[in-house]
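Everything on this sheet refers to the single structure shown next.
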2 protein chains.
Amino acid sequence: METPSVRRRILNHTIPLIMARGYNGFSYRDLSELVGVKTSSIHYYFPSKDDLVLEAVNEYSNNVLNSIQAIDAALPAETQLAKYAELFDSTVIDGNQICLCGMLAADIGWLPESVRLALQTFFMANEDWLAKVLRQGLEERPFAVNGTPDSAARMLYAAYQGGMLASRLFRTETRLKEIQAACKIMT
Amino acid sequence: METPSVRRRILNHTIPLIMARGYNGFSYRDLSELVGVKTSSIHYYFPSKDDLVLEAVNEYSNNVLNSIQAIDAALPAETQLAKYAELFDSTVIDGNQICLCGMLAADIGWLPESVRLALQTFFMANEDWLAKVLRQGLEERPFAVNGTPDSAARMLYAAYQGGMLASRLFRTETRLKEIQAACKIMT
DNA sequence: GTCTATAAACAGATAGAC
DNA sequence: GTCTATCTGTTTATAGAC
């Protein structure tokens, strides 16, 4: 396993920094100390902070969406949703981090339109996947979902975003677990 | 109606600034320009930024909780929840703002324990009120709530927090309206 | 109470040597 | 590519005159 490039190491450190502190909460200086290069070298790879953040969003988005797509669609809907929820648990509890895209949605006032669009795309991809699984759940056990699967999925995703905030605020994983439990009843 | 004191005007401007931009997104300089006094005068009233933020949380919390308590408990549960949802709508859509306590929950890494506790108290007050109304709804129409009223209330509140994020991100009120619609089915 | 003045640190960003 | 050096502007905060 060879040493990752400087560019990669910058991105690898940027993502958890945003998840923990937000757009205005980390600096090139922080990255400089973490990666071990001068801030001017970071500007070489990412001329502006907006460039860096946009790439961080794309990187994070690809990683998370790949993990979601990897959930076996042949499993019962309830099991798929449990695996989905696991994706959030560890980052919040172990790392005091929340979803990178949820955090940047809070910082939206500072971000260029390109980042806003990337965040919207990530939100919709999650909502679409959840809607698909909820529809599958309806076929398995035809009842229980409030409203259309699509609107239920959007509400569920909003609950996950808010649940991460609350879990970190109260320093307890039960708030995320409760949302997962509510999923069971919806499927 | 007499002119509010400088102290009051500082707080009155601080609250929407936090709701729009977060803890790291506004400065004493911003307030200085908005209120029309020098930054050193703001330090006279609020020696540190943490002092200012704590008072802003308490002020916001009192205002919102008073509005919630003012909702007539004799109304049908569904109507009460609709009035609750209205409290969020306008700030998000008209002002590009989200809940002050939700925003600061995203910035929790920078805040002292005193503010964390104040945020927790606000979250729990909302959840308790929602749980009370959901229980009332169960008496009126005994069915529909997923799980216990308490856990349903926490999930619903998380959905509101996440819904405000999404509504502002997508610049549409429909995402908040959908959560309100889901309430109807829960009551 | 409000101001001027200033501190000491930090931000994102750039020019140019090596 | 990475560095030194620097620019320009910002931040929170304090001392002390009025």
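Below, read A as the first sequence line, B as the second, and so on, with proteins coming before strands; counting in each chain starts at 1.
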Residue pairs passing the ring pair (Phe, Tyr, Trp, His ring centres under 6.0 Å) test with at least one member in residues 36-59 of chain A, sequence neighbours excluded, are A:Tyr28-A:His43
What is the distance, to the nearest angstrom, from the CG atom on B:Asn24 to the C1' atom on C:dC10? 13 Å
Partner residues of B:Ser67 under the side chain to side chain donor-acceptor pair (under 3.5 Å) criterion, sequence neighbours left out: none
Rounded to whole angstrom units, what separation is found between the NZ atom of B:Lys38 and the P atom of C:dT2? 13 Å
Starting at atom CD1 of A:Ile42, determine the distance to atom C1' of D:dC3, rounded to an integer number of angstrom. 13 Å
Using 4.0 Å as the upper bound for N to carboxylate O, is an ion pair formed by A:Glu78 and A:Lys83? no
Enumerate donor-acceptor pairs with a distance under 3.5 Å from any side-chain N or O in residues 97-123 of chain B to protein atoms, sequence neighbours excluded.
from	atom 1	to	atom 2	distance (Å)
B:Asp107	OD2	B:Tyr23	N	2.8
B:Glu113	OE1	A:Arg171	NH2	3.2
B:Glu113	OE2	A:Arg171	NH2	2.9
B:Arg116	NH1	A:Arg168	O	3.2
B:Arg116	NH1	A:Leu169	O	2.9
B:Gln120	NE2	A:Leu169	O	2.8
B:Thr121	OG1	B:Leu117	O	2.9

Counting only side-chain N and O atoms of B:Tyr44, is one of them less than 4.0 Å from OP1 or OP2 of C:dC3? no
A:Thr172: which residues meet the side chain to side chain donor-acceptor pair (under 3.5 Å) condition with it, sequence neighbours left out? A:Thr174
In B/S/- notation (B base, S sugar-phosphate only, - none; protein heavy atoms under 4.0 Å), nucleotides 5-18 of chain D written 5' to 3' is -----SSSBB----
Could you pull out all residues at least two apart from B:Asn58 that satisfy side chain to side chain donor-acceptor pair (under 3.5 Å)? none
